[in-house]
Structure formats: C-alpha cells, structure tokens
Amino acid sequence: METRVKLESKTLNDKPAEAGTPDDFDEFDPATADLAPVTLTLGSEHCGVRLDKVLSGLLSQYSRGRLQQWIEGGRVTVDGRPAKIRATMFGGEVVIVQPQPSESDHAFAPEPLPLDVLHEDAELIVIAKPVGLVVHPAAGNWTGTMLNGLLHRWPQLSGVPRAGIVHRLDKETSGLLVVAKTLTAQTDLVRQLQDRSMGREYFALVWGQPVSSGRIDAPIGRHLRERTRMAVSKSPLAKPAVTHYQKVASGTLDGKAVTLLRCRLETGRTHQIRVHLQSIGFPLVGDAVYGKHHLIHVFPRQALHAEKLALIHPGSGKPCEWHAPLPDDMAALLARAGIHL
C-alpha cells in the first residue's frame, strides 16, 4: 500500500518563513513556519513498526524527540483516537499530526536590541559586546541575541550566513566582535581567522602569579565526561590551539595573589583562554566552569575582556585596529585588586 501525505487546506499561521534565513543553523526548523495539520495514510511497509519510528521516517524535517512530545501532548491521532508513542502500526491507519511551534522557530527573528557600534562601513561592523549578551541563538537562548539585534538594525544581513557574524565571544565575556555586511567580506574575514592573520587580544585576570610571559600550545576538545565543558586533550578529535600571554600587573583580592594578563589568540577554540590558563594552574577570576569554585563570590563572571581587534579590511586591503575600554565591572575589580592601567 502506498503511503500518502496530505497537508490540510489552511494553515494556523499563514505567515511565510523569514526570507534569507541562514541555512547553516540546524536548530532552526523552517517547516514550522507553516503549521498546517499533516494527514498520513500508512502503507503496508509500516506493519509492525512503532508509531514514533514511522513518523520519524515520514516527517524527517522534525526530530524524533519533537514528534514524541507532540504524541504525548495529544497532537497526534491514529484513526481519530489519541496516539501512543509505543503503539504498533498495522498499515492502513490514518494518522493526523498537528505540528506545534517551538522556541527555535523564531530564532532568527529581528529584535530591537541596543548594540554598541564602534565602526561601520560598507563591508563590516565592529561591535563592543556587553557582558550578558549571547552572540547567536542556541538551546536556552533562542531570542534576545546579538544576531537578533543585527537583523533588526541591518535587515540586509538576512542574506548573509549567521547574519554576518564571523567569530564569537562567550555570554559573560565582553569586548570586540566583527560582523561582515556582505558574503564576500565574511568569506575574507573567516579566511583571516583561519590563517591566523586576524589579531585578537584580551585582558584576563587570573588567580596566582604566572611567569612574565609564555606560549600555550595544547589541543582543545570536549571534556571526556562533562560534555558541556572543553579541556586540553590528546584525543584525535581535539583541535590545535595556541594562546600567548604576557603579564601586565599584579595585585591581591581577598588576600590572594592575582595577575592581569594580556592574551593573544592564534586560534579561536571554544573557551580557549579559559581552558588554556586553567590547564597551567592559573584559572580566571570568577570563572564558574573552569575556575576556583570556592572563590566564585569574588566576581560574578569570568574576568575576561576582548580589548583589541586587528584585521585587514576586506574592502580596502588596509590594516585596521580597534580597542574597547574595560567594562565598569571589570575596571572596578582591577581597582579592588590594586591594579591601575
């Protein structure tokens, strides 16, 4: 028997998907922009197969977990009766699925958010990201991100992957980010990242007193047990990572030694500075993930600020450089430590 799939005549939400939505964010599901009920007439090939597996095969645009949520929520019927996840099909059943929206459906919607723009021209934008701002949508942060703000202020960025975002900063890290306004500029800037010609320097306040300068060359990969963390790793899946650091000044917090470092990245791995400095015994002040947990109260975030950004302008070919002053909270922290820049 042939399986037939039918969309009902009218959607519950007639608004079309946002034009130019980036297609490289697999969390985004454009199919839910049209929430019409889906009618499936099952074929003989589905005899003996569980309903959730049948739906996962026929509606591959949705994850099985999402389909199971709809079944449990009473959004799926089999021959007019509420469906059960583990129900075994015989073939010939009529299954009606009513798709439900999720938070991720509007992950790339424009939102009016304040953005501190230090520079803008025809090819790029340089933004000073504040503490607490997520750069782009992901699980737990589908709205209110820098990407949402970019799309509101520059609607044309909907035609550039990731709304022109070239690199990222952690939510609780402040400082400079570059955004490309065209695909050509984005390609050029990404290549500069890859060939390590883009200069990025950070201020980091760490516990302890490291030597005056050093170079950390240690691959970084997912932590073996805690998958939300990164770690220095010998795994073949770990990626090369190189961080240079130089001592700027020393001080004390709560009677304990701290040191302000200037860190320069050769590579841009997730949590790179935080992981590298922790690996040599000098974790960042305030780092709740990689730092000294009994001293978290000293500062409510990792004391890390992207102070300098240097690159070759993708339009003019000339070298450019920008600096961002320390945010108030980190400037106050350094003052408490007796460090004055």
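A donor-acceptor pair under 3.5 Å links the side-chain atoms of E93 to the main chain of G91, judged by distance alone. Judged by distance alone, the side chain of Q100 and the main-chain N or O of R75 form no donor-acceptor pair under 3.5 Å. Distance alone, capped at 3.5 Å, is enough to place a donor-acceptor pair between the D79 side chain and the V94 backbone. A donor-acceptor contact shorter than 3.5 Å is absent between the side chain of S56 and the backbone of D52.
Every side-chain contact (heavy atoms from CB on, under 4.5 Å) that A337 has, sequence neighbours left out, goes to L253, V258, I339. Considering only residues two or more places apart in sequence or on other chains, H167 meets the side-chain hydrogen bond (donor to acceptor under 3.5 Å, both in side chains) condition with none of them.
A 4.5 Å side-chain heavy-atom check between W207 and L277 finds every atom pair outside the cut-off. Counting heavy atoms from C-beta outward, F282 and T259 have side chains that stay 4.5 Å or more apart. Side-chain contact between V54 and V95 is absent, with no heavy-atom pair separated by less than 4.5 Å. Side-chain contact between R162 and L157 is absent, with no heavy atoms from C-beta onward closer than 4.5 Å. The shortest distance between side-chain heavy atoms of L326 and L341 falls below 4.5 Å. By the 4.5 Å heavy-atom criterion applied to side chains, I85 and R50 are counted as neighbours. L284 has its side chain out of reach of Y290: every pair of non-hydrogen atoms, C-beta onward, lies at least 4.5 Å apart. Side-chain contact between T184 and P314 is absent, with no heavy atoms from C-beta onward closer than 4.5 Å.
Nearest heavy-atom pair across V298 and V285 is CG1-CG1, 4.2 Å. Taking each heavy atom of P37 and P99 in turn, the nearest pair found is CA-CD, 4.1 Å. Across all their heavy atoms, I312 and G317 have their closest contact at CG2-O, 3.4 Å. In plain terms, the two heavy atoms of V166 and A180 that are nearest each other are CG2-N, 4.1 Å. Looking at every heavy atom in both residues, L151 comes nearest to A163 through CD2-CB, 3.9 Å. Listed here is the closest heavy atom pair of F90 and T88: CE1-O, 3.7 Å.
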As a quick check of understanding, evaluate side-chain contact (heavy atoms from CB on, under 4.5 Å) for M330 and V131, giving each step before the final call. CA-CA 10 Å; M330 193 164 168; V131 174; over 6 Å; no
Could you walk me through whether D254 and K256 pass the salt bridge (Lys or Arg N to Asp or Glu O under 4.0 Å) check? CA-CA 6 Å; D254 287 0; K256 299 176 178 62; 5.9 Å; no
Run the side-chain contact (heavy atoms from CB on, under 4.5 Å) test on M230 and R222 for me, step by step, so that the C-alpha distance in whole Å, both residues' side-chain angles and the decisive distance to 0.1 Å come before the verdict. CA-CA 5 Å; M230 308 301 289; R222 288 285 171 191; 3.5 Å; yes
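In this structure, CH2 on W322 lies 4.5 Å from CG on L311, to the nearest 0.5 angstrom. In this structure, CG on L304 lies 11.5 Å from CZ on F203, to the nearest 0.5 angstrom. Residue L42 holds its CG atom at 7.5 Å from CG of L55, rounded to the nearest 0.5 Å. Atom CG of L193 is separated from atom CG of D188 by 10.5 Å, given to the nearest 0.5 angstrom. Q209 contributes atom CD, which lies 5.5 Å from atom NZ of K247 (distance to the nearest 0.5 angstrom). Taking OH of Y62 as the start and CH2 of W70 as the end, the distance is 4.5 Å to the nearest 0.5 Å.
Cluster annotation: V38 and L58 are assigned to the same hydrophobic cluster (Ile/Leu/Val/Met/Phe/Trp/Tyr, side-chain heavy-atom contacts under 4.5 Å, transitive). Residues V117 and I165 share a single hydrophobic cluster, defined by chaining ILVMFWY side chains whose heavy atoms lie under 4.5 Å apart. Both L189 and L309 are assigned to one and the same hydrophobic cluster, defined by single-linkage of ILVMFWY side chains at heavy-atom distances under 4.5 Å. By the rule that hydrophobic residues join a cluster once side-chain heavy atoms approach within less than 4.5 Å of another member, I273 and I280 end up as members of one cluster. Tracing side-chain contacts under 4.5 Å through hydrophobic residues (I, L, V, M, F, W, Y), one reaches L176 starting from V190; they form part of the same cluster.
Sequence neighbours left out, the pairs with a member in residues 302-329 that pass salt bridge (Lys or Arg N to Asp or Glu O under 4.0 Å) are E201-K308, R262-E307, R301-D329, K308-E321.
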Kindly list each side-chain donor-acceptor pair under 3.5 angstrom involving residues 235-244, sequence neighbours excluded, with atom names and distances?
{"residue": "S235", "atom": "OG", "partner": "L237", "partner atom": "N", "Å": "3.0"}
{"residue": "T243", "atom": "OG1", "partner": "Q272", "partner atom": "NE2", "Å": "2.8"}
{"residue": "T243", "atom": "OG1", "partner": "H276", "partner atom": "ND1", "Å": "2.8"}
{"residue": "H244", "atom": "NE2", "partner": "E266", "partner atom": "OE2", "Å": "2.6"}

Could you list the donor-acceptor pairs under 3.5 angstrom formed between side-chain atoms of residues 168-175 and any protein atom two or more places apart in sequence or on another chain?
{"residue": "R168", "atom": "NE", "partner": "H136", "partner atom": "NE2", "Å": "3.2"}
{"residue": "R168", "atom": "NH1", "partner": "H136", "partner atom": "NE2", "Å": "3.3"}
{"residue": "D170", "atom": "OD2", "partner": "R274", "partner atom": "NH1", "Å": "2.9"}
{"residue": "T173", "atom": "OG1", "partner": "Q302", "partner atom": "NE2", "Å": "3.1"}
{"residue": "S174", "atom": "OG", "partner": "H305", "partner atom": "ND1", "Å": "2.7"}

Distance-only check: which donor-acceptor pairs under 3.5 Å involve side-chain atoms of residues 118-126, not counting sequence neighbours?
{"residue": "H119", "atom": "NE2", "partner": "D121", "partner atom": "OD2", "Å": "2.8"}
{"residue": "E120", "atom": "OE2", "partner": "W154", "partner atom": "NE1", "Å": "2.8"}
{"residue": "E120", "atom": "OE2", "partner": "K181", "partner atom": "NZ", "Å": "2.8"}
{"residue": "D121", "atom": "OD1", "partner": "E123", "partner atom": "N", "Å": "2.8"}
{"residue": "D121", "atom": "OD1", "partner": "L124", "partner atom": "N", "Å": "2.9"}
{"residue": "D121", "atom": "OD1", "partner": "H313", "partner atom": "NE2", "Å": "3.4"}
{"residue": "D121", "atom": "OD2", "partner": "H313", "partner atom": "NE2", "Å": "2.7"}

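Of the listed residues (L115, T145, V135), just one forms a side-chain contact (heavy atoms from CB on, under 4.5 Å) with L150, and that residue is L115.
Around atom CZ of R191, no more than 12 heavy atoms belonging to other residues, nucleotides or ligands sit under 6.0 Å away.
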